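Notes follow the structure.
Every value quoted in this text rests on a predicted model; they were computed, and no experiment measured them. Each chain gets a letter, A, B and so on, in the order its sequence line appears, and its residues count up from 1. Heavy atoms only: backbone and side chains are in, while hydrogens, waters and symmetry mates are out.
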2 protein chains.
Amino acid sequence: MDALTIHEAAQTTGWSARMLRYVERLGLIEPQRSAAGYRIYGAGELQRLRTLRELLDEHGIGLGDVAFAERLRRERDLRTAVEGWIESEPRRPETVSADDWLRWEQEKHARLLAAATAPTPTMETTA
Amino acid sequence: MDALTIHEAAQTTGWSARMLRYVERLGLIEPQRSAAGYRIYGAGELQRLRTLRELLDEHGIGLGDVAFAERLRRERDLRTAVEGWIESEPRRPETVSADDWLRWEQEKHARLLAAATAPTPTMETTA
DNA sequence: CAAACCTTACCACAACTGTGTCAAGGTTCC
DNA sequence: GGAACCTTGACACAGTTGTGGTAAGGTTTG
């Protein structure tokens with residue numbers, strides 16, 4: 001039995017029928033339709049529904065996030081714009097006035113010590 | 001004058017001071033701090049603030065979307081997980097029973113025609 | 001030291017998200 | 001033709017997001 005109706009699909013995947021429609025409206029999973037317009041979930045959709053659930057739970061993200069990720073890879077200009085902005089990395093304080101700069105340098109050590117307790121050691125670059 | 005306080009930065013970038021703090025809390029733009037803890041916006045931050053505004057407006061996305069994009073490129077396992085899911089593209093109905101398949105093929109033309117008239121009808125909610 | 005800044009931490013509030021339920025109507029199938 | 005499905009659309013409601021305030025308290029500087 002591969003072709004399931006929405007309620008059957010809901011039952012076997014742990015989603016609700018309501019959410020299946022919602023997931024579809026977000027453009028994440030769009031099942032085939034029968035001649036009468038009934039949604040028909042095949043094995044592929046069922047698999048994607050289950051892995052989608054895992055994806056959300058394991059990384060603490062939302063449906064909207066996945067939808068946005070899809071937009072990112074479908075809309076090229078959007079992707080380049082977003083990536084371009086992100087890559088315009090925050091500069092060192094090369095732009096501030098000299099006296100302030102001194103203060104910053106002085107406090108930098110204190111700041112670094114404080115920051116050492118905070119989790120942000122990811123300095124990887126894919127450039 | 002490159003080192004601006006939060007209100008000055010707000011004024012020159014069009015954001016509100018409130019939103020500058022919000023943008024910072026989202027991890028998007030984290031200005032340096034003076035010895036006393038005052039936020040100090042340099043030319044780099046100002047530029048990023050302005051381009052951020054454009055980015056949001058031009059593509060109709062939200063701050064959370066940009067923050068998520070940043071997460072995507074910082075957290076490698078998240079990125080691979082999301083991309084993996086997205087690339088598990090929805091299959092053709094190879095998984096459904098044969099008779100249903102026939103119906104689908106038959107109605108596909110009608111469906112395509114119908115879809116052609118409704119490009120992306122965003123259902124209006126009753127205001 | 002007082003004015004005019006800044007800070008964090010709350011209260012507030014509209015809009016959107018995620019989710020349920022219900023209604024009115026079409027489809028399937030016995 | 002009626003039970004048991006499905007469809008879209010709407011009302012509802014808690015939680016989050018985006019945004020504004022305000023309060024209590026440090027900082028800077030005339």
Side-chain angles (χ1 to χ4, degrees), chain A residues 1 3-11 13-41 49 52-53 55-57 60-68 71 97 99-100 102-104 106-107 111 114, chain B residues 1 3-11 13-41 49 52-53 55-57 60-68 71 97 99-100 103-104 106-107 110-111 114-115 118 120-127:
Chain A
M1 266 314 195
L4 302 189
T5 69
I6 190 171
H7 279 101
E8 294 166 330
Q11 195 136 6
T13 59
W15 294 90
S16 67
R18 179 67 161 84
M19 286 310 293
L20 258 42
R21 296 201 187 92
Y22 187 56
V23 166
E24 179 180 18
R25 206 162 59 89
L26 293 183
L28 295 182
I29 294 180
E30 307 181 346
Q32 306 289 325
R33 296 296 189 110
S34 78
Y38 287 19
R39 290 172 182 80
I40 297 181
Y41 291 83
L49 281 171
L52 177 59
R53 162 62 58 86
L55 182 65
L56 301 186
D57 289 351
I61 66 181
L63 292 169
D65 292 324
V66 183
F68 181 66
R71 264 193 83 184
S97 63
D99 21 1
D100 280 335
L102 280 179
R103 258 192 294 231
W104 284 333
Q106 289 205 330
E107 73 146 344
R111 215 144 255 305
Chain B
M1 302 230 297
L4 302 189
T5 68
I6 190 170
H7 279 100
E8 294 167 329
Q11 196 136 6
T13 59
W15 295 89
S16 66
R18 180 66 161 84
M19 286 310 292
L20 257 43
R21 297 201 186 92
Y22 187 55
V23 167
E24 179 180 18
R25 206 161 58 86
L26 293 182
L28 295 182
I29 294 180
E30 307 181 346
Q32 305 289 324
R33 296 297 189 109
S34 78
Y38 286 18
R39 291 172 182 80
I40 297 182
Y41 291 83
L49 282 171
L52 177 58
R53 163 61 59 86
L55 182 64
L56 301 187
D57 289 351
I61 66 181
L63 293 168
D65 292 324
V66 183
F68 181 66
R71 264 192 83 185
S97 61
D99 21 0
D100 280 338
R103 258 191 294 229
W104 285 333
Q106 289 205 330
E107 70 140 349
R111 211 144 255 305
T120 307
T122 311
M123 292 308 173
E124 241 308 279
T125 47
T126 57

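- In this structure, T5(B) and R18(B) both approach DNA chain C, and ranking their closest nucleotides by distance from the 5' end singles out T5(B).
- More than 12 heavy atoms of other residues, nucleotides or ligands sit less than 6.0 Å from atom CZ of R53(A).
- Across all strands, R39(B) comes closer than 4.0 Å only to sugar-phosphate atoms, never to a base (heavy-atom distances).
- The distance between atom OH of Y38(A) and atom P of dG25(C), rounded to the nearest whole Å, is 16 Å.
- One finds no side-chain N or O of R21(A) lying less than 4.0 angstrom from the OP1 or OP2 phosphate oxygen of dT21(C).
- Judged by distance alone, with hydrogens and angles left aside, Y22(B) brings no side-chain donor or acceptor close enough to the base of dG20(D) to form a pair under 3.5 Å.
- Side chain of R33(A), nearest nucleotide from dT7(D), dG18(C), dT27(D): dT7(D).
- Note: CG (L20(B)) to P (dG18(D)) measures 15 Å, nearest angstrom.
- The interatomic distance linking L4(B) (CG) with dC5(C) (C1') rounds to 14 Å, in whole Å.
- Here the C1' atom of nucleotide dG20(D) and the CH2 atom of W15(B) are 15 Å apart, to the nearest Å.
- Phosphate contact (OP1/OP2 of dG20(D), side-chain N/O of S16(B), threshold under 4.0 Å): present.
- Between the C1' atom of dT8(D) and the CD1 atom of I6(A) lies a distance of 11 Å, rounded to the nearest Å.
- What separates CD of E24(B) from P of dC6(C) is a distance of 14 Å, to the nearest Å.
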